[in-house]
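Numbered from 1 within each chain, the chains take letters A, B, ... in sequence-line order.
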Amino acid sequence: MSESTQTYSMHELVSLCKRRGFIYPASEIYGGINGFWDYGPLGTALKNNLRDLWWRDMVQRPPLGPDGNEVSIVGLDSAIIQNAKVWEASGHVGGFNDPMVDCRETKARYRADHLMCLGLKGDRSGQIYAYVDGDEDSLAAAQKKLEKYVKKALSPDDVDTCQLTALSAEELAVTVGPDTKNAGTLTEPRQFNLMFDTTTGAIRNEDSKVYLRPETAQGIFLNFNNVVDTMRVKVPFGIAQIGKAFRNEVTPRNFIFRSREFEQMEIEWFCHEDDAEKWFEFWCDVRSSWWQSIGLTGANIMMRKHDDDELAHYAKEGCGTFDIEYRFPFTHPGFGELEGVAHRGNYDLSRHQEFSKKKLAYFDQAKNERYLPHVIEPSAGLSRGTLALLCEAYTPDPDRASKVYMAFHPKIAPIQAAVFPLVGKDGMPEIAHQLWSELRERWDVVTDVKQSIGKRYARMDEAGCPFCFTIDGDTASDQAVTVRHRDTQAQERIALDQVATFMSEKVG
RNA sequence: GCGGGCGUAGCUCAAUGGUAGAGCGUCAGCCUUCCAAGCUGAAUGUUGAGGGUUCGAGUCCCUUCGCCCGCUCCA
């Protein structure tokens with residue numbers, strides 16, 4: 001859908017994805033498993049096309065830099081499981097374990113570290129009032145409730161404040177939640193483990209505990225020295241990686257948008273601190289136009305600067321973070337994140353240097369200076385990108401037989417062309433088979449002899465195949481075929497020996 | 001994790017506590033010279049799973065799993 005208005009619901013798309021072999025629920029015959037999905041034949045092709053295009057456009061032939069010179073990016077494929085200390089250094093072991101507190105009465109949920117408590121100074125037996133840190137209204141409400149409880153106005157000197165996490169179980173039992181009047185409705189802070197863990201080796205204990213990576217980025221930082229030492233790269237340069245990452249999301253939701261196993265396409269761009277701003281702008285532009293080049297255009301895609309209060313623990317305040325967001329049906333009229341371009345400063349390298357005790361500084365010959373490079377990180381979701389492509393392509397059309405077609409950009413379509421004999425006789429299947437054999441050397445092409453031509457066109461509409469080449473009774477004599485265009489259903493006739501040229505022009 | 005809704009063929013959905021069905025899709029055959037045509041036929045279900053009540057459960061009860069919506073979360 002290219003308009004800004006929502007014209008279909010998510011379950012229609014989910015249904016088509018199942019019906020046409022794009023995406024299936026994982027472990028379906030065993031009742032499924034929450035937060036995991038399997039890619040079917042067409043979904044795999046679509047995702048692979050997106051992945052390969054990214055690799056080609058970012059690693060094999062990246063765009064020219066802001067000064068007009070070629071940029072240097074090398075590829076990497078690091079292990080999903082690394083030394084557990086990696087995630088302490090990265091901040092994930094701490095940052096990923098947010099204790100949560102639920103209110104049994106109001107059903108509200110709070111981050112325990114966001115709750116503060118108010119109590120009468122010196123009073124160990126009376127009620128305690130929780131409020132949300134930084135929320136003036138919440139604080140005022142707590143103060144008011146406390147004053148009502150002790151039946152007098154209180155000055156700041158009369159009260160004590162502390163973190164909710166510092167309370168004992170007894171104190172928690174007499175604590176009144178931010179949005180209720182009764183004490184003892186808050187649950188104990190509960191830990192949500194956002195990283196999956198497992199163990200290595202034969203002995204299973206705390207020392208053998210390891211984590212499945214929650215992002216591919218850290219594998220790049222771990223290999224920064226290796227790449228510098230072996231690949232003759234000079235700052236500025238980038239290291240790119242595509243791979244699976246795992247997050248034990250509290251609530252997997254919205255099809256493959258928030259799943260527990262997903263794929264990322266990340267670049268860590270290493271540069272001098274003085275140039276970070278310039279490169280940040282550069283990558284925002286490059287990544288924004290890249291998504292547009294594969295068909296995500298118009299009002300459904302936008303760039304958004306993060307508000308300061310939602311900056312990640314690694315985000316450098318200077319440049320902040322930009323999101324490239326897509327208007328998914330389930331976020332409509334809002335947007336959901338496709339990619340974040342973050343200025344990570346030298347946070348990661350300095351943390352790994354500190355935790356590993358290995359020097360990670362880069363020596364710059366030209367500047368005769370040794371420093372930890374700053375990092376600009378364009379981090380894209382391959383799974384989310386695939387979902388955005390599916391959402392963008394889904395086009396209801398009550399006037400055509402399939403009632404819907406998938407308007408994929410020809411570059412990423414899972415089936416790029418189909419070759420059909422108009423009917424299965426008079427030598428047409430033989431010509432079709434010959435043309436199909438030639439085209440499949442270079443493109444994803446299918447052929448089909450069975451059933452009526454209209455039915456075969458309709459199937460290709462749902463699969464999102466942009467072009468069908470049909471051999472008819474005249475082809476043998478005039479050496480021409482009919483091209484049927486998916487989006488317009490228009491037909492034109494071109495020479496049989498020009499089909500490959502047509503594909504080169506339209507698909508690339 | 002909480003609240004609400006839902007779960008029946010590949011998909012969309014029917015079936016008063018009493019024989020599990022339809023449409024579409026899929027497949028096969030015939031037909032067919034440009035849009036799911038037509039005709040004939042076929043396959044596919046432990047009604048998400050497990051227990052219970054009942055002479056009898058898709059239907060009622062309990063548990064559990066999954067999906068959707070809201071809260072929460074989204075480093």
Round to the nearest Å and state the distance from [X] atom [atom1] to [N] atom [atom2].
| X | N | atom1 | atom2 | result |
| --- | --- | --- | --- | --- |
| Ile256(A) | C67(B) | CD1 | C1' | 15 Å |
| Met428(A) | C31(B) | CE | C1' | 14 Å |
| Phe36(A) | C67(B) | CZ | P | 10 Å |
| Arg484(A) | A36(B) | CZ | P | 10 Å |
| Gln451(A) | U32(B) | CD | P | 16 Å |
| Phe469(A) | C34(B) | CZ | C1' | 15 Å |
| Tyr457(A) | A36(B) | OH | P | 11 Å |
| Ile453(A) | C35(B) | CD1 | P | 9 Å |

Centroid separation Phe328(A) to Tyr326(A) less than 6.0 Å: yes
Using a distance-only criterion (donor-acceptor N/O pair, under 3.5 Å, no hydrogens), is the base of [N] paired with the side chain of [X]?
| X | N | value |
| --- | --- | --- |
| Glu249(A) | C73(B) | no |
| Thr251(A) | G1(B) | yes |
| Arg253(A) | G70(B) | yes |
| Ser15(A) | C11(B) | no |

Check the angle between the aromatic planes of [X] and [Y] and answer parallel, tilted or perpendicular using the 30° and 60° thresholds.
| X | Y | answer |
| --- | --- | --- |
| Trp279(A) | Trp269(A) | tilted |
| Phe270(A) | Phe221(A) | perpendicular |
| His92(A) | Trp87(A) | perpendicular |
| Phe502(A) | Phe467(A) | perpendicular |

Does the structure show a Watson-Crick or G-U wobble partner for [N], both distances under 3.5 Å? Name it, or say none.
| N | value |
| --- | --- |
| U53(B) | none |
| G1(B) | C71(B) |
| G58(B) | none |
| A20(B) | none |
| G41(B) | C27(B) |
| C6(B) | G66(B) |

Nearest-nucleotide comparison on RNA chain B, the residue closer to the 5′ end among Glu28(A) and Ala490(A): Glu28(A)
Arg459(A) or Arg493(A), whichever maps to the more 5' nucleotide of RNA chain B: Arg459(A)
Under-4.0 Å side-chain N/O to phosphate OP1/OP2 contact, [X] with [N]:
| X | N | answer |
| --- | --- | --- |
| Lys18(A) | G10(B) | no |
| Asn34(A) | C67(B) | yes |
| Lys455(A) | U26(B) | yes |
| Gln489(A) | C34(B) | no |
| Arg19(A) | C24(B) | no |
| Asn254(A) | C69(B) | yes |

When we call it a touch if two heavy atoms are under 4.0 Å apart, what does [X] touch: a base, just sugar-phosphate, or nothing?
| X | value |
| --- | --- |
| Arg20(A) | base |
| Gly336(A) | nothing |
| Phe255(A) | sugar-phosphate |
| Arg456(A) | nothing |

Please give the distance between the [atom1] atoms of [N] and [M] as a whole number of Å.
| N | M | atom1 | value |
| --- | --- | --- | --- |
| C71(B) | G52(B) | C1' | 34 Å |
| C60(B) | A15(B) | P | 12 Å |
| U59(B) | U53(B) | P | 15 Å |
| A14(B) | C6(B) | P | 11 Å |
| G56(B) | U19(B) | C1' | 12 Å |
| G23(B) | U40(B) | P | 12 Å |
| C39(B) | U47(B) | P | 33 Å |
| G10(B) | G4(B) | C1' | 29 Å |

Can you tell me which nucleotide in [options] comes closest to the side chain of [X]?
| X | options | value |
| --- | --- | --- |
| Lys425(A) | A36(B), C34(B), U32(B) | U32(B) |
| Val423(A) | U32(B), C71(B), C34(B) | U32(B) |
| Trp37(A) | A36(B), C11(B), C67(B) | C67(B) |
| Lys450(A) | A37(B), C27(B), G29(B) | G29(B) |
| Phe330(A) | U33(B), C69(B), C35(B) | C69(B) |

Test: Lys145(A) cationic atom under 6.0 Å from Tyr129(A) six-membered ring centre, within 45° of axis: no
Glu12(A) side chain vs Ser9(A) backbone, donor-acceptor pair below 3.5 Å: yes
Identified ring-ring contact (aromatic ring centres under 6.0 Å, His included) counterpart of Trp37(A) within the set Phe255(A), Tyr24(A), Phe262(A): Phe255(A)
Glu215(A) with Arg344(A): basic N within carboxylate O range, under 4.0 Å: yes
